[in-house]
J.: 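Questions regarding the structure given below will be posed in turn.
Starting from 1, each residue takes its place in the sequence as its number. What you see below is based on every heavy atom in this structure, not just the backbone, and it leaves out hydrogens, waters and symmetry mates. Everything numeric here is computed off the predicted structure, so don't read it as measured data.
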Amino acid sequence: LVEHNLPTWWSVSLLAAAALVHLAAFVVARGAGAPEARYWLVTAGVLAVLSLDDQSQLHERSEQLGRLLVTETGDFPFYWLIPGAVAGVAVAAAVVALAVRVRARARALLVGGIALMLATGLGLEVVQGLFMAAGNEGLGFAIGYHVEELGEDVGVILLIAAAVAMTRVSGERGITLAYADQPAPLPEPVPAR
């Protein structure tokens with residue numbers, strides 16, 4: 001039941017990688033003069049904070065705040081989901097603000113990624129909390145935990161793919177990274193012999 005395990009380590013690493021990829025998209029978008037560049041920086045920051053949160057288990061420590069927001073204090077162990085849902089709306093808003101400004105493929109990846117992350121991250125935590133409240137921390141709980149982690153990870157991979165969809169790697173004259181809306185540089189003419 002402690003989240004310092006291999007799936008959590010993987011999630012932390014994947015979120016950190018997503019933050020770096022979104023930061024790279026910001027750099028090339030800014031270099032291309034794309035108006036949505038700053039939104040890539042915002043999502044990079046959000047993903048970095050999510051990575052730090054996963055590592056530090058900060059969201060689990062907000063349980064007391066969740067208990068203050070409800071009058072019923074039953075056996076449900078995941079009261080942190082109440083402030084977590086508010087934070088989830090903020091995260092979704094940041095991603096959607098970017099999604100409406102990019103190409104259709106990247107938009108679909110961003111929306112699909114954040115929807116999958118939040119649906120599994122918050123939704124399956126509720127299911128796990130119900131299992132724990134019933135004293136059933138057996139197979140059903142374990143399956144729910146792994147499906148949650150898998151769904152979150154696939155969502156993060158979709159967010160990475162969105163940034164990749166908006167960038168191009170060129171191998172001519174060394175490796176360069178360009179923004180997808182930026183025209184490709186023309187190759188240098190080959191001198192006649």
Side-chain angles (χ1 to χ4, degrees), residues 3-4 7-27 29-30 34-70 76-129 144-167:
E3 288 200 9
H4 289 290
T8 301
W9 174 84
W10 174 253
S11 293
V12 167
S13 300
L14 199 57
L15 283 163
L20 291 173
V21 171
H22 278 236
L23 182 61
F26 159 71
V27 169
R30 186 181 67 179
E36 70 270 14
R38 66 177 181 220
Y39 294 95
W40 287 110
L41 183 60
V42 170
T43 57
V46 166
L47 290 165
V49 167
L50 289 174
S51 177
L52 181 63
D53 173 64
D54 236 8
Q55 174 61 34
S56 66
Q57 296 180 335
L58 184 61
H59 62 278
E60 280 92 352
R61 295 180 186 151
S62 67
E63 182 175 333
Q64 293 304 321
L65 176 60
R67 284 187 185 273
L68 290 174
L69 296 174
V70 294
F76 186 74
F78 292 156
Y79 283 101
W80 69 263
L81 283 168
I82 297 165
V86 173
V89 168
V91 168
V95 173
V96 169
L98 171 62
V100 299
R101 291 168 169 81
V102 295
R103 291 181 176 180
R105 182 170 184 227
R107 180 180 311 119
L109 291 165
L110 285 165
V111 171
I114 198 61
L116 186 57
M117 268 183 69
L118 293 177
T120 55
L122 295 173
L124 287 176
E125 286 277 352
V126 169
V127 172
Q128 292 171 43
Y145 176 77
H146 290 293
V147 170
E148 173 206 346
E149 292 296 324
L150 178 63
E152 288 176 354
D153 291 346
V154 171
V156 175
I157 290 168
L158 292 176
L159 294 177
I160 291 171
V164 170
M166 289 301 293
T167 55

J.: Is there side-chain contact between Leu41 and Arg30, with at least one heavy-atom pair below 4.5 Å?
T.: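 No, side chains not in contact.
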J.: Check residues 107-114 and write down every donor-acceptor pair under 3.5 Å in which the side-chain atom is one partner and the other belongs to a residue at least two apart or another chain.
T.:
{"from": "Arg107", "atom 1": "NE", "to": "Ala99", "atom 2": "O", "distance (Å)": "3.0"}
{"from": "Arg107", "atom 1": "NH2", "to": "Val102", "atom 2": "O", "distance (Å)": "2.7"}

J.: When Leu47 is tested against each of Leu23, Ile160, Leu159 for side chain to side chain contact (heavy atoms under 4.5 Å, CB included), which residue passes?
T.: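 Exactly one pass, corresponding to Leu159.
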J.: Do the non-hydrogen side-chain atoms of Thr120 and Val147 ever get within less than 4.5 Å of each other?
T.: no
J.: Tell me the closest heavy-atom pair linking Leu50 and Val91, and the distance in Å.
T.: CD1-CG1, 4.2 Å
J.: Please report the C-alpha distance between Met117 and Leu15 in whole Å, then the side-chain angles of each, then the deciding distance to 0.1 Å, and finally whether the side-chain contact (heavy atoms from CB on, under 4.5 Å) criterion is met.
T.: CA-CA 11 Å; Met117 268 183 69; Leu15 283 163; 4.3 Å; yes
J.: What closest approach, in Å, do Gly121 and Glu152 show between heavy atoms, and which atom pair accounts for it?
T.: CA-OE2, 2.9 Å
J.: Restricting to non-hydrogen atoms, name the atom on Val46 and the atom on Ala94 that form the minimum distance, rounded to 0.1 Å.
T.: CG2-CB, 4.1 Å
J.: Taking side-chain contact (heavy atoms from CB on, under 4.5 Å) as the test, write out the residues that go with Val100, two or more places apart.
T.: Val96
J.: Return the minimal non-hydrogen interatomic distance between Ala48 and Ala19, and the atom names on each side.
T.: N-CB, 3.6 Å
J.: Distance from Leu98 atom CG to Arg38 atom CZ, nearest 0.5 Å?
T.: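 Reported value, rounded in 0.5 Å steps: 11.0 Å.
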J.: List in chain and number order the residues that pass side-chain hydrogen bond (donor to acceptor under 3.5 Å, both in side chains) with Ser11, two or more places apart in sequence or in another chain; answer none if no residue qualifies.
T.: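 Scan of Ser11 (side-chain hydrogen bond (donor to acceptor under 3.5 Å, both in side chains), adjacent residues dropped) gives Glu149, Asp153.
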J.: Taking all heavy atoms of Ala163 and all of His22, pick out the closest pair and write down the distance.
T.: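 Looking at all heavy atoms of both residues, the shortest contact is CB-CD2, 3.9 Å.
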J.: Please report the closest heavy-atom contact between Ala162 and Trp40, naming both atoms and the distance.
T.: O-CH2, 3.9 Å
